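To keep things clear, I will list the structure first and then write my remarks on it.
Throughout, protein chains are lettered first and strands after them, A, B, ... in sequence-line order, and every chain is numbered starting at 1. Not measured: the values here are computed from a predicted model.
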Amino acid sequence: MPELPEVEGVVRALVPAVEGKTIMKVELSDTIYASFGLGKQCIVKNIEPNLFEEVMQGMHIQKVTRRSKYIYFHIEKNQESFLFVNHLGMTGAWFVVQTLGDITEEKFRKHVHAVFTLETGELLVYSDIRRFGELRFIKKVEEHPPLLLMAPEPFDSVACEFFLDKCALPKYQNKPIKEVIMDGQVISGCGNIYATEALFKMGIHPARKTNRISKKRKIELFEAIRTILQESIEMGGSTISDYRNINGEAGGMQNRLKMYGKKFCPQCNTATKALSIGGRTSVYCPKCQH
DNA sequence: CGCTGTGACCGGGCGC
DNA sequence: TGCGCCCGGTCACAG
């Protein structure tokens with residue numbers, strides 16, 4: 001499951017591999033075409049697959065950046081600039097290879113959905129096992145309102161204050177803190193893994209009502225989230241199931257996780273508990289987290 | 001109008 | 001072996 005640190009790793013790998021190159025050709029999977037025929041929009045959103053292939057042809061990739069868990073390809077053709085936005089969903093992955101056979105893992109090779117042939121002859125490949133990811137071609141972010149509603153980047157100087165302000169709103173006050181910190185409109189890029197870790201580090205029960213945490217502790221919690229996101233970026237992200245970096249390598253952060261997916265608390269050895277908060281499994285230590 | 005709750009999208013993996 | 005169900009990030013849409 002790619003969260004912010006994993007997406008950051010993908011972007012850092014994509015930058016030197018594709019920036020400055022031109023897309024000569026795009027081929028989308030039969031699955032994408034078939035879904036469109038059935039009135040669905042598998043992976044490619046808000047545009048007909050054949051039109052997507054056509055419009056992406058000849059696009060020059062100027063920059064690749066990350067915004068929350070989204071990857072922005074800043075592209076340009078005939079002096080006109082566009083945005084090609086990707087979310088990896090649960091199982092999306094990018095590869096830059098000479099041939100599709102260079103993708104070593106079969107499960108990724110089996111689920112290739114978009115192949116961009118670059119001017120160098122290399123293939124920029126998007127693979128997505130569960131197809132929860134999305135590829136979106138837009139002129140500017142305003143075209144897709146959810147992108148405008150995202151909280152500031154957690155490393156942005158205003159992010160903590162933004163978080164505190166959101167917590168004070170009636171709609172968030174009475175919610176479990178874990179649900180609030182995982183809300184992309186409150187904090188950007190903090191998914192289940194890092195929310196679980198930060199709450200454990202802080203000794204806060206995931207179901208604790210947001211307004212039952214002092215401002216001081218909220219600030220400390222925000223700092224804990226920011227710190228763990230930073231640590232994970234430096235470790236190359238967490239490889240829990242299907243996340244791979246662009247070279248097909250796993251990250252190293254999963255070995256440092258203390259609570260996510262654990263059966264016993266690493267501090268007191270008590271059996272962990274799990275409950276569902278906001279529809280997501282939330283693991284915690286009943287003795288260390290209150 | 002704003003907020004809340006729910007469904008939809010998927011296939012790997014696991015339990016029975 | 002085989003089947004059915006669970007999981008999850010995000011958004012659309014219903015209520």
Protein proximity profile, nucleotides 9-15 of chain C - base contact B, sugar-phosphate-only contact S, no contact -, cut-off 4.0 Å on heavy atoms: BBS----
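- Regarding A:D183, its CG atom lies at a distance of 13 Å from the C1' atom of B:dT4, rounded to whole Å.
- With respect to the salt-bridge test (charged N to carboxylate O, under 4.0 angstrom), the residues A:R256 and A:E231 qualify.
- Checked against a 6.0 Å centroid threshold, the rings of A:F95 and A:F108 count as neighbours.
- Separating the SG atom in A:C265 from the NZ atom in A:K273 is a distance of 13.5 Å, to the nearest 0.5 Å.
- Atom pair A:L38:CG and B:dC10:C1' shows a separation of 14 Å (rounding to whole Å applied).
- Remark: of the listed residues A:Y126, A:F84, A:F36, A:F84 is the sole one forming a ring pair (Phe, Tyr, Trp, His ring centres under 6.0 Å) with A:F52.
- Whole-Å rounding puts the A:K110 NZ to B:dG11 C1' distance at 9 Å.
- A donor-acceptor distance shorter than 3.5 angstrom exists from the side chain of A:S35 to the backbone of A:I32, with no hydrogens or angles considered.
- Aromatic ring pairs are classed by plane angle as parallel below 30°, tilted from 30° to 60° and perpendicular above 60°; the pair A:W94 and A:F116 is tilted.
- Going from atom NZ of A:K40 over to atom C1' of B:dG7 covers 14 Å, rounded to whole Å.
- Phosphate proximity of B:dC10 to A:H111: absent, as no side-chain N or O sits under 4.0 Å from OP1 or OP2.
- In this structure, A:K139 is positioned above the aromatic face of A:F82, its NZ or CZ under 6.0 Å from the six-membered ring centre and within 45° of the axis.
- Taking every side-chain heavy atom of A:K171 into account, B:dT4 is the closest of B:dC9, B:dT4, B:dG11.
- A 6.0 Å sphere centred on CG of A:D30 holds no more than 12 heavy atoms belonging to other residues, nucleotides or ligands.
- In this structure, A:F36 places its CZ atom 16 Å from P of B:dC9, rounding to the nearest Å.
- A:T281 has a side-chain polar atom (N or O) that falls below the 4.0 Å cut-off from OP1 or OP2 of C:dG8.
- An end-to-end axis angle of 50° holds for the helix from B:dC3-C:dG15 to B:dC16-C:dG2, taken from five base pairs per end and rounded to 10°.
- Distance CZ (A:R130) to P (B:dC10): 13 Å, rounded to an integer number of Å.
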Result block: side-chain N/O donor-acceptor pairs under 3.5 angstrom for residues 146-155 of chain A, not counting sequence neighbours:
residue: A:E153; atom: OE1; partner: A:R66; partner atom: NH1; Å: 2.7
residue: A:E153; atom: OE1; partner: A:R66; partner atom: NH2; Å: 2.9
residue: A:E153; atom: OE2; partner: A:R67; partner atom: NH1; Å: 2.9
residue: A:E153; atom: OE2; partner: A:S68; partner atom: N; Å: 2.6

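- Atom P of nucleotide B:dC10 and atom CG of A:L88 are separated by 17 Å, given to the nearest angstrom.
- Rounded to whole Å, the distance from CD1 on A:I43 to C1' on B:dC10 is 10 Å.
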